[in-house]
Amino acid sequence: MMAYLIKGVSILGAEPTDLYINDGVISAPVENAEVIDAAGLVALPGLVDVHTHLREPGREDAETVETGSRAAALGGYTAVCAMANTSPVADTAGVVEQVWRLGREAGLVDVQPIGAVTVGLAGKQMAELGAMATSAANVRIFSDDGFCVADPKLMRRALEYVKAFDGVIAQHAEEPRLTEGAQMHEGEVSTRLGLTGWPAVAEEAIIARDVLLAEHVGSRLHVCHVSTAGSVEVLRQAKARGVRVTAEVTPHHLLLTDELAAGYDPVFKVNPPLRTRSDVEALRQALLDGVIDVVATDHAPHAVQDKECEWAHARPGMLGLETALPIVLSIYGPQWDLIADRMSRAPARIAGLAGHGGDLSVGSPANLTLVDPAARRVVDPSELASRSRNTPYAGMTLPGRIVATFLRGEATVLDGKAVK
Ligand SMILES: NC(=O)N[C@@H](CC(=O)O)C(=O)O
Ligand SMILES: [Zn+2]
């Protein structure tokens, strides 16, 4: 294994220093280390994504564990949690172990499978959560993401069940009766465009119900892709009462608004939908306050034929892994401690990923990324490592180039390029 000397690097914005990597950990100085000139670069703990869609098994034309892992490493990630809405669904020990194994084989990031809450994501019958938890994949997060666990009794039982192994239910909060036929955020723009709306209350009502359920049974709840100002208020109150709830926001909900639907370009179609400027402002503040714990990408690759079609027929979802850190930097600037917390430490804690989200002290696992905050780059979809092209940021100039990423001391990205 190669030893590295990362020369003159700023750890989380501090005064430049030399960082050694040897034997998989941040080490004391060693001889014969490969020197990386890191003048002007910032070192962060490797980013951790609690919400990634890798599409394998089933839709390898849109993404594979390997291509998604490469996109993640290039985005500065060292671990991603793979959502269960694959085909077949990751609702058994066999499927989660398959995804876990594919992640190991790709070797670019730690791929931590998420297990489905219900069989086939159908919302009727609880999946074998215990078998997934005790499998080699060691599943701790369970989610029907793509669908809401709408049945309150089932949700309650799932919350109770995962308590035994300190698991967490990650809810895609969408009351399905309130979003039938929905195409975009319900508001002025949807009225003007004549598209069926997805009202904010469909999200807020489920979050309100679920924090009460989590409180009642004393379990852990995680709320996926929070998108409205009202949801932030529900979460703020629940946290103030001590409910064990965590929440994520996506880069796109921190930046983009429903006005973008006006061009009918399905690249802007996503679930939950892009909301209004005042929602964006509330989400930005909630991430600062800690009411929202983490930035999660909801990286949702889709094949060309599923995206480049009429708005109504297009699949919802957008790419996220390769642009998440640049988008967050463009919004918050060099608040490195905030970024490290919301994109690495807190997600590692929620997902129970020991070894990630560390403090880069001597002896800790060398999971880290080096960023050049001064570099700017234009997002070119054809240059992305993802197998899909559905980025909403094409043509935008973003700050922050990911120069290198290390997974347990092995370089997965060097000079801005994937090593394998
Ligand atoms: N976010 C999306 O719009 N789509 C996701 C599912 C999801 O996260 O709800 C997908 O799997 O494509
Ligand atoms: Zn979702």
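Counting convention: from 1, in listed order, for ligands and their atoms alike.
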Student: Using heavy atoms and a threshold below 4.0 Å, how should the contact between Met83 and ligand 1 be classified: side chain, backbone, both, or neither?
Tutor: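 The answer is neither.
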
Student: Quick one: does ligand 1 sit under 4.0 Å from the side chain of Arg55, the backbone, both or neither, non-hydrogen atoms only?
Tutor: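 It is the side chain that gets close, since no backbone atom is under 4.0 Å.
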
Student: By atom name, which N, O or S atom of His172 is the nearest to the Zn ion (ligand 2)?
Tutor: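 This residue's closest N, O or S atom turns out to be ND1.
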
Student: Thinking salt bridges, do Arg277 and Asp279 make one under a 4.0 Å N-O criterion?
Tutor: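 No salt bridge links Arg277 with Asp279.
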
Student: Report the part of Asp298 (side chain from C-beta onward, or backbone N, CA, C, O) that has a heavy atom under 4.0 Å from ligand 1; answer both or neither where that applies.
Tutor: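 Looking at Asp298 and ligand 1, just side chain atoms fall under 4.0 Å.
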
Student: Run the numbers for me: atoms of ligand 1, each under 4.0 Å from some heavy atom of His51, listed by number.
Tutor: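 Near His51, the atoms of ligand 1 are 8 (O).
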
Student: Between Arg157 and Glu160, is there a side-chain N and carboxylate O pair less than 4.0 Å apart?
Tutor: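 Salt bridge between Arg157 and Glu160, a charged N being under 4.0 Å from a carboxylate O: no.
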
Student: Which is it for Arg220 and Asp166 under the salt bridge (charged side-chain N to carboxylate O under 4.0 Å, His left out) test, yes or no, and what are the steps along the way?
Tutor: CA-CA 8 Å; Arg220 285 174 63 203; Asp166 197 33; 3.7 Å; yes

Student: Given Pro316, Cys224, Ala296, Ala62, identify the one with the heavy atom nearest to atom 4 (N) of ligand 1.
Tutor: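 Closest candidate by heavy-atom distance is Pro316.
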
Student: Looking only at protein heavy atoms, which one is nearest to atom 5 (C) of ligand 1, and what is the separation?
Tutor: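 Looking at atom 5 (C) of ligand 1, the protein heavy atom closest to it is His53 NE2, 3.6 Å.
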
Student: Can Asp258 and Arg192 be counted as an ion pair, charged N to O under 4.0 angstrom?
Tutor: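 Between Arg192 and Asp258 there is no salt bridge, as every charged N stays at least 4.0 Å from the carboxylate O atoms.
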
Student: Between the side chains of Thr228 and Arg275, is a donor N or O closer than 3.5 angstrom to an acceptor N or O?
Tutor: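 No - no donor-acceptor pair under 3.5 Å links their side chains.
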
Student: Check ligand 1 against Gly146 and write out every atom of the ligand that is under 4.0 Å from a heavy-atom position of the residue.
Tutor: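 The atoms of ligand 1 under 4.0 Å from a heavy atom of Gly146 are 6 (C), 7 (C), 9 (O).
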
Student: Does Met318 approach ligand 1 within less than 4.0 angstrom via side chain, backbone, both or neither, non-hydrogen atoms only?
Tutor: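 Neither part.
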
Student: At a non-hydrogen distance cut-off of under 4.0 Å, which region of His302 contacts ligand 1 (side chain, backbone, both, or neither)?
Tutor: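 Only the side chain of His302 comes within reach of ligand 1.
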
Student: Verify the distance test for Cys224 against the Zn ion (ligand 2): any N/O/S atom under 2.8 Å, yes or no.
Tutor: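 For Cys224, the answer is no, given that no N, O or S atom comes within less than 2.8 Å of the Zn ion (ligand 2).
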
Student: Is the CZ atom of Arg236 crowded by more than 12 outside heavy atoms at less than 6.0 Å?
Tutor: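 Count over threshold, so yes.
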
Student: Using a 4.0 Å heavy-atom cut-off, which part of His225 comes near ligand 1: side chain, backbone, both, or neither?
Tutor: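 The answer is the side chain of His225.
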
Student: N/O to N/O below 3.5 Å, does that happen between Ala300 and ligand 1?
Tutor: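 Min N/O separation from ligand 1 is not below 3.5 Å for Ala300.
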
Student: Should we count CZ of Arg177 as having more than 12 external heavy atoms under 6.0 Å?
Tutor: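 For Arg177, atom CZ is not crowded (no more than 12 foreign heavy atoms under 6.0 Å).
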
Student: Please could you name the atoms of ligand 1 that Val270 approaches to less than 4.0 Å, counting only its heavy atoms?
Tutor: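 Counting from 1, the qualifying ligand atoms are 3 (O).
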
Student: Could Glu66 and Lys420 be called an ion pair, given the rule that one side-chain N must be under 4.0 Å from one carboxylate O?
Tutor: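 Result for this pair is no, no salt bridge flagged.
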
Student: Starting at CG of Asn271, measure out to CD of Glu174 and round the result to the nearest 0.5 Å.
Tutor: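 It is 4.5 Å, given to the nearest 0.5 Å.
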
Student: Identify the closest protein heavy atom to atom 3 (O) of ligand 1: which residue and atom is it, and at what distance?
Tutor: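 Atom 3 (O) of ligand 1 sits closest to the protein heavy atom Asn271 N, 2.9 Å.
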
Student: Counting only N and O atoms by type, is there a donor-acceptor contact under 3.5 Å from the side chain of Lys269 to the main-chain atoms of Met184?
Tutor: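 Judged by distance alone, no pair lies under 3.5 Å.
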
Student: Could you go step by step and tell me if Asp49 and Thr297 meet the side chain to side chain donor-acceptor pair (under 3.5 Å) rule?
Tutor: CA-CA 7 Å; Asp49 192 14; Thr297 67; 2.4 Å; yes

Student: Would you say Asp145 reaches the Zn ion (ligand 2) with an N/O/S atom under 2.8 Å?
Tutor: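 Under 2.8 Å: Asp145 contacts the Zn ion (ligand 2) through an N, O or S atom.
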
Student: Measuring from the heavy atoms of His172, does anything fall under 4.0 Å of ligand 1?
Tutor: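 Flag set, His172 near ligand 1.
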
Student: With a cut-off of 4.0 Å, which atoms of ligand 1 are near a heavy atom of Asn85?
Tutor: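 Matching atoms, with element in brackets: 10 (C), 11 (O).
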
Student: Quick check: does His225 put an N/O/S atom under 2.8 Å from the Zn ion (ligand 2)?
Tutor: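 True for His225.
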
Student: Return the minimal non-hydrogen interatomic distance between Ser361 and Ile26, and the atom names on each side.
Tutor: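 Taking every non-hydrogen atom into account, O-CB, 3.5 Å.
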
Student: Return yes or no for this condition: an N or O of Gly317 is under 3.5 Å from an N or O of ligand 1.
Tutor: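 Yes, Gly317 has an N/O under 3.5 Å of an N/O on ligand 1.
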
Student: Name the orientation class of the two ring planes belonging to His172 and His225 (parallel below 30°, tilted from 30 to 60°, perpendicular beyond 60°).
Tutor: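 Answer is perpendicular, since the angle exceeds 60°.
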
Student: For ligand 1, which atoms, with element, lie under 4.0 Å from some heavy atom of Asp145?
Tutor: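 Counting atoms of ligand 1 from 1, those under 4.0 Å from Asp145 are 6 (C), 7 (C), 8 (O), 9 (O).
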
